[in-house]
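Read the structure below first, then the notes.
Convention: sequence-line order gives letters A, B, ...; per-chain numbering from 1. Just the heavy atoms: all of them, side chains too, but no hydrogens, waters or symmetry mates, feed the values below. Because the structure is a prediction, the values reported are computed rather than measured.
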Protein chains: 2
Amino acid sequence: MTQASTPTLVTVAERAGVSRQTVSNVLNSPEIVRPDTRERVLRAIDELGYRTNVVARQLRTRRSFLLGLRMPPAADGISGQVLDRFLHALTEEAQGSGLRIMLFAAADDEAEIREYENLRTTTGIDGFVLTATHSGDTRTRWLSDHDIPFATFGRPWDPEPAGRAAEASAEGVPPKPGHHAWVDIDGRAGTRAATRHLLDAGHRRIAFLGWPEGSGVGDDRHAGWLAAYEEAGLEHAVVQRAEDGVAEGTAAANRALADPGVTALVCVSDSIALGALEAVRELARSEPDRAPVAITGFDDTPVAGAVGLTSVAQPIDQVAARIVEQLRAQIDGRPEDVPDHQVLIEPRLVVRTTSRTEHRR
Amino acid sequence: MTQASTPTLVTVAERAGVSRQTVSNVLNSPEIVRPDTRERVLRAIDELGYRTNVVARQLRTRRSFLLGLRMPPAADGISGQVLDRFLHALTEEAQGSGLRIMLFAAADDEAEIREYENLRTTTGIDGFVLTATHSGDTRTRWLSDHDIPFATFGRPWDPEPAGRAAEASAEGVPPKPGHHAWVDIDGRAGTRAATRHLLDAGHRRIAFLGWPEGSGVGDDRHAGWLAAYEEAGLEHAVVQRAEDGVAEGTAAANRALADPGVTALVCVSDSIALGALEAVRELARSEPDRAPVAITGFDDTPVAGAVGLTSVAQPIDQVAARIVEQLRAQIDGRPEDVPDHQVLIEPRLVVRTTSRTEHRR
DNA sequence: GTCCACTCTTGGATCGTTCAAACCCGGCTC
DNA sequence: GAGCCGGGTTTGAACGATCCAAGAGTGGAC
């Protein structure tokens, strides 16, 4: 009668002539097992094709090595392409660190918080990855308060949780670090590089096409444009705002280009930039005499590469790697081993044809 | 002393003055418990905030209600946007049926199969969702052979696994249904509707801009264009092929439009269509006399809506719903309850401005 | 009043792993 | 040689649920 069922610790133990615990030790703390015994056990494991049952382990240790991630609403924050790449990178990085990603859905932040609780108590999920942080985000606070490991893609956009520390110490609770673990891309540095690139090419009136004020990400990117102007010691020019979208981008660009002095457009996203590209082409047709208009986008989506759009590339792989690193450390209970809890990653300007319109000085 | 730890069945049982099994029955087969007892137990559950520990349950029952999904390589098969929406819909549908999605990464099909085995024996995953099926796909065969529940988004593109049934019956193995569970979108019907729509508008020479031959999805969409022509009793016109991409689309469109009789372009994807749109605008500029050229795309990505591109919308939600339905049935061991193991869903033509160029008859 | 049938409840065993403490045994000290 | 030490290994219990078979309770029929 062959061993039909999958082998367990006991099966392996019998085969190697030791006890279950010794087998367990070989797997979890091999250094405390005498080398020859270890060898014998390893051979038995190999012969039987034993694989540890993580469910049983989880029941005992209360560690799942599972990370929860809410599928963010498609239209929200990070755009489709970016999310896709992030999910990819995150899955790979997590897997490399012995973690797994579990998805869940939630209608809003409140539902998401309920789901945290739910997943935590029923499935024993170890931690969460949050995306699309925004100002007034209640999720981070809740997770901190419940001592649940988490890290966010996106920095906290609130001014400062000032009342927090005071309140905690007043109650005698050990003062937690007011800031949670997060990784973000330095949008400011991105648009600053893009703007500087255009200034270097001789452009002087560079318009910024942004999202409506109030979104942290958008305001941050706007700030980079401002900063480049300040550093150059110049007066900054036009700002036009619109919701994200190609058509919206065209409209915003047209408004900006109504100012005849504008020779370049720094856009808050590739969608806006694509729309702007359209407007610029139309303009070149209707006003052939006007100086060529340069454009930069943001996100470096595949479509940007296709149409030759200069754009700011987000190193998503790095973001995912750092997030996993931070979560892994929190789960292992050694958060002090990770030097930075807050990481700003500098994006990279990818220069293509749409910004190559050299401009007379 | 307050009850600090999370409540278990025993905690609830004590509170309700019954045994653990009764509590379990209330949860799993409430109909066999006397109403007043049930009421009392439910109250206790509620008061204590008891939540069943799925890990413990899983250890006993060997059911995880977990579905594995490989994060498909970004460039592959279904394009980014579609994948994104699919993941979304799948997560929601699964959650609605008491299932969860767990992601994993794999470099190629072989690695994916290894991961099936791995996830199955260690994590006890119940089934898998496969995307990007292709001809010569070894994954489905492996899963069938190992009796692991799965369903694919995408039909099997192989001619016919003819040798399969014969081989199986020769070995005395009970003949499995040769076909596995799959759900796909009827691309043929989609391009057929698009082409018919253009024929109805008076267009006669409608070019098809497709992918290189050999991809199941691409050939299927090509077939729809052919079918519409045949049904109309007309000679079909030009075909141009290119890899997916905006720039590639522009190039292909230019080649097609070299034929002066062509007045419309049916494109295999929105990317190609966007490129074609570019080519058509350029043409309108350089040859103002030429009749306006109509365009249709495929996938109905957000960008299509933005630029007014007529496109074929894939009802991804339905795909996800059917896949979950099939997997749920397989996991519950009642596959016969699902009427169709193979589902082709008809897409919907979304008419926008790019195909509204009425054409003289 | 006794017995039976039926319904609901109960305690024990089990899934596969890890924790905690006990055990064994050779080497060393006094 | 008794006692102690300590590395290496074993044993018993626990994690929290479900399965199984047997126990208790109720009501009706004779």
Side-chain angles (χ1 to χ4, degrees), chain A residues 3-42 44-45 48-65 98 120-126 332-333, chain B residues 3-42 44-45 48-66 98 120-126 332:
Chain A
Q3 183 69 24
S5 60
T6 42
T8 73
L9 276 188
V10 176
T11 326
V12 175
E14 281 168 359
R15 175 124 183 177
V18 296
S19 73
R20 349 171 263 282
Q21 183 62 21
T22 300
V23 181
S24 172
N25 286 337
V26 167
L27 293 169
N28 298 316
S29 23
E31 70 281 2
I32 70 164
V33 179
R34 208 177 353 159
D36 59 333
T37 315
R38 187 181 357 174
E39 208 47 56
R40 203 154 26 107
V41 170
L42 285 174
I45 287 176
L48 292 169
Y50 167 81
R51 311 253 32 214
T52 125
N53 180 329
V54 300
V55 177
R57 165 181 293 168
Q58 186 183 344
L59 178 59
R60 189 64 178 98
T61 62
R62 336 222 104 220
R63 287 281 177 73
S64 64
F65 298 106
R120 186 85 174 154
T121 56
T122 62
T123 317
I125 275 198
D126 279 343
D332 293 348
Chain B
Q3 183 71 23
S5 60
T6 42
T8 72
L9 274 190
V10 177
T11 325
V12 175
E14 281 168 0
R15 174 128 187 172
V18 296
S19 74
R20 15 173 238 285
Q21 180 63 19
T22 302
V23 180
S24 173
N25 284 337
V26 167
L27 293 169
N28 299 316
S29 23
E31 70 281 1
I32 71 164
V33 180
R34 208 179 349 158
D36 58 334
T37 313
R38 187 176 11 180
E39 209 46 58
R40 200 154 27 106
V41 171
L42 285 176
I45 287 176
L48 291 169
Y50 168 82
R51 313 254 31 214
T52 125
N53 180 328
V54 300
V55 177
R57 165 183 293 167
Q58 185 183 344
L59 179 59
R60 189 67 177 96
T61 63
R62 334 223 106 223
R63 286 279 177 75
S64 64
F65 299 107
L66 238 57
R120 186 82 175 159
T121 55
T122 64
T123 318
I125 276 200
D126 278 343
D332 293 347

Heavy-atom closest contact (Asp126(B) atom, Arg62(B) atom, distance): OD1-O, 4.1 Å
Segment of DNA chain C, first to last nucleotide, that comes within the 4.0 Å heavy-atom reach of chain A: dG16(C) to dA20(C)
Thr122(B) and Thr52(A), any side-chain heavy atoms less than 4.5 Å apart: no
Spacing of Arg38(A) atom CZ relative to dG7(D) atom P, expressed in whole Å: 15 Å
First of Arg62(B) and Thr37(B) reached from the 5' end of DNA chain C, by closest nucleotide: Thr37(B)
Rounded distance (Å) that lies between atom C1' of dC19(D) and atom CZ of Arg63(B): 14 Å
Side-chain N or O of Arg34(A) closer than 4.0 Å to phosphate OP1/OP2 of dG8(D): no
Derivation and outcome, side-chain contact (heavy atoms from CB on, under 4.5 Å), residues Thr8(B) and Asn53(B): CA-CA 8 Å; Thr8(B) 72; Asn53(B) 180 328; over 6 Å; no
Sugar-phosphate, base or nothing in reach of Val33(A), heavy atoms under 4.0 Å: sugar-phosphate
Asn25(A) side-chain N/O to Val33(A) backbone N/O, donor-acceptor pair under 3.5 Å: no
Nearest-angstrom distance from the residue atom CG of Leu48(B) to P of dG16(D): 14 Å
Toward the 5' end of DNA chain D, by each residue's nearest nucleotide, Glu31(A) or Arg60(A): Glu31(A)
Nucleic acid contacts of residues 18-29 of chain A, taken as heavy-atom distances under 4.0 Å to DNA chain D: Val18(A), Ser19(A), Arg20(A), Gln21(A), Thr22(A)
Interatomic distance, Glu39(A) CD vs dG8(D) C1' [rounded to whole Å]: 17 Å
Interatomic distance where CG belongs to Leu59(B) and C1' belongs to dC19(D) [whole Å]: 13 Å
Distance in Å, Thr123(A) OG1 paired with Leu66(B) CG, rounded so as to fall on 0.5 Å steps: 8.0 Å
Nearest-0.5 Å distance, CZ of residue Arg40(B) to CZ of residue Arg15(B): 13.0 Å
Interatomic distance where CD1 belongs to Ile32(A) and P belongs to dT9(D) [whole Å]: 9 Å
Approximate separation, where rounding is to 0.5 Å, of Arg38(A) CZ and Ile45(A) CD1: 11.5 Å
Length of the CZ-C1' vector between Arg51(B) and dA17(D), whole Å: 15 Å
Value rounded to 0.5 Å, distance of CG in Asp332(B) from CZ in Phe65(B): 6.5 Å
Given Thr11(B), Leu9(B), Val41(B), the one that forms side-chain contact (heavy atoms from CB on, under 4.5 Å) with Tyr50(B): Leu9(B)
